[in-house]
Trainee: 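Would you mind keeping the following structure in view while I ask a few things?
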Amino acid sequence: MPLPPTVVLVHGAFADASSWAGVIRHLHATGLTVYAPANPLRGLAHDAAYLRSVVGQIGTPVVLAGHGYGGAVITEADADNVVALCYVAGFGLDAGESLLDVTSRFSPMPGPDPTVAAWLPAWSPADPDSELYIRRERFLDVYATDLAPRVGSVLSVTQRPIARGALTARSGPPAWARKRSWYAIAAADRMLSPTAQRFMAQRMAATERVVDGSHAVVMSQPDAVAAMIREAAGQCGDHGALY
């Protein structure tokens, strides 16, 4: 009898693993085992290697779910025991593609706009890269329009910046070409254009779900996000590969 899948949740830029709290509660209520590791946000190759090492230590089939930049990480971090991919307003990159390739093709994310985002010095004196964060006064409007202002205020202070190099890193062969995929399109997203999301979902032939939420949809609509992940876990088990 096949083992039930384990769900691994990967957060994106400007957030941490606690952003999945509501989704985790819903998944736990249905008996699923869940991991939500900290995404380092250091760069695509580095972050994917770390996630691959986490997944490799799990002795069951795995459903990977990625939010925002976390989508790019799960696309790169394929492993033999991954049976399904769930994108939540996420970057499902193709081979040789970067985050900026996608955002420049559609409505841009606010990274290049100095009124919205700013660069921090490198996190380490040995690291020449710098880090991007959303200006606190713009955080709610850009990232989380459907969350209460008091919640958005806290998130703006606790946000985790992403290394500049992560925006231009080129993705390798995409896991979605080999594994079944689901995609929750955040219809009111101001970070990653819903048009771009729909393009990526259709390119990977994903099962689409449209959710009325901002980029913070994992927090504002955790029930809808969890329902999609449960569907993927229920349909795939250990048979998620396309070939």
Trainee: Which pair of non-hydrogen atoms, one from V55 and one from A79, has the smallest distance, and what is that distance?
Mentor: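 Scanning both residues, the minimum pair turns out to be CG1-CB, 4.0 Å.
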Trainee: Between E97 and R105, is there a salt bridge with N-O shorter than 4.0 Å?
Mentor: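 Yes, charged N to carboxylate O under 4.0 Å.
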Trainee: Hey, mind stepping through N39 and Y50 against side chain to side chain donor-acceptor pair (under 3.5 Å) and telling me if it holds?
Mentor: CA-CA 8 Å; N39 186 356; Y50 172 72; over 6 Å; no
Trainee: Once rounded to the nearest 0.5 Å, what's the spacing between atom CD of Q57 and atom CG of N81?
Mentor: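 One finds 11.0 Å between CD of Q57 and CG of N81.
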Trainee: Using a strict threshold of under 4.0 Å (side-chain N to carboxylate O), is an ion pair present between D78 and R178?
Mentor: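 Yes, charged N to carboxylate O under 4.0 Å.
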Trainee: Could you tell me which non-hydrogen atom of P4 sits nearest to which non-hydrogen atom of P61, and how far apart they are?
Mentor: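 Looking at all heavy atoms of both residues, the closest pair is O-CD, 4.2 Å.
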Trainee: Is there a donor-acceptor pair under 3.5 Å between the side chain of T75 and the backbone N or O of G71?
Mentor: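 At least one qualifying donor-acceptor pair exists.
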Trainee: Taking the side chain from H67 and the backbone from H215, do they hold a donor-acceptor pair closer than 3.5 Å?
Mentor: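 Between the backbone of H215 and the side chain of H67 there is a qualifying donor-acceptor contact (under 3.5 Å).
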Trainee: Taking the six-membered ring where the residue is Trp, are the ring centres of F106 and F199 under 6.0 Å apart?
Mentor: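 Yes: the rings meet the under 6.0 Å criterion.
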Trainee: Using the test ring pair (Phe, Tyr, Trp, His ring centres under 6.0 Å), find all partners of F139 that sit at least two apart in sequence or belong to another chain.
Mentor: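 Once residues adjacent in sequence are excluded, the partners of F139 under the ring pair (Phe, Tyr, Trp, His ring centres under 6.0 Å) criterion are Y143.
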Trainee: Give the minimum heavy-atom separation between A72 and L99, together with the two atoms involved.
Mentor: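 Closest approach of A72 to L99, heavy atoms only: CB-CD1, 3.9 Å.
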Trainee: Taking Q159 for the side chain and S156 for the main chain, is one N or O donor matched with an acceptor at less than 3.5 Å?
Mentor: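 Present.
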Trainee: Between T145 and D141, is there a donor-acceptor pair closer than 3.5 Å when you use the side chain of the first and the backbone of the second?
Mentor: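 The answer is no, because no donor-acceptor pair under 3.5 Å joins these two groups.
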Trainee: Quick one: CE on M191 to CD1 on I134, what's the gap to the nearest 0.5 Å?
Mentor: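 CD1 of I134 is found 4.5 Å from CE of M191.
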Trainee: So if I apply the side chain to side chain contact (heavy atoms under 4.5 Å, CB included) rule between M200 and each of I185, L192, D94, which one comes out positive?
Mentor: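 The side chain to side chain contact (heavy atoms under 4.5 Å, CB included) with M200 is passed solely by L192 among I185, L192, D94.
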Trainee: Search all heavy atoms of R203 against all heavy atoms of G92 and return the closest pair with its distance.
Mentor: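 That would be NH2-O, 2.9 Å.
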Trainee: I'd like to know if R209 pairs up with E231 as an ion pair, taking the criterion as any Lys NZ or Arg NE/NH1/NH2 lying under 4.0 Å from an Asp or Glu carboxylate oxygen.
Mentor: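 Salt bridge between R209 and E231, a charged N being under 4.0 Å from a carboxylate O: yes.
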Trainee: Using modelled atom types only, decide if a donor and an acceptor are shared between the side chain of R52 and the backbone of E76 within a distance under 3.5 Å.
Mentor: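 At least one qualifying donor-acceptor pair exists.
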Trainee: Can a donor-acceptor pair be found, under 3.5 Å and without considering hydrogens, that links the side chain of S153 to the backbone of P149?
Mentor: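 Such a contact is absent between S153 side chain and P149 backbone.
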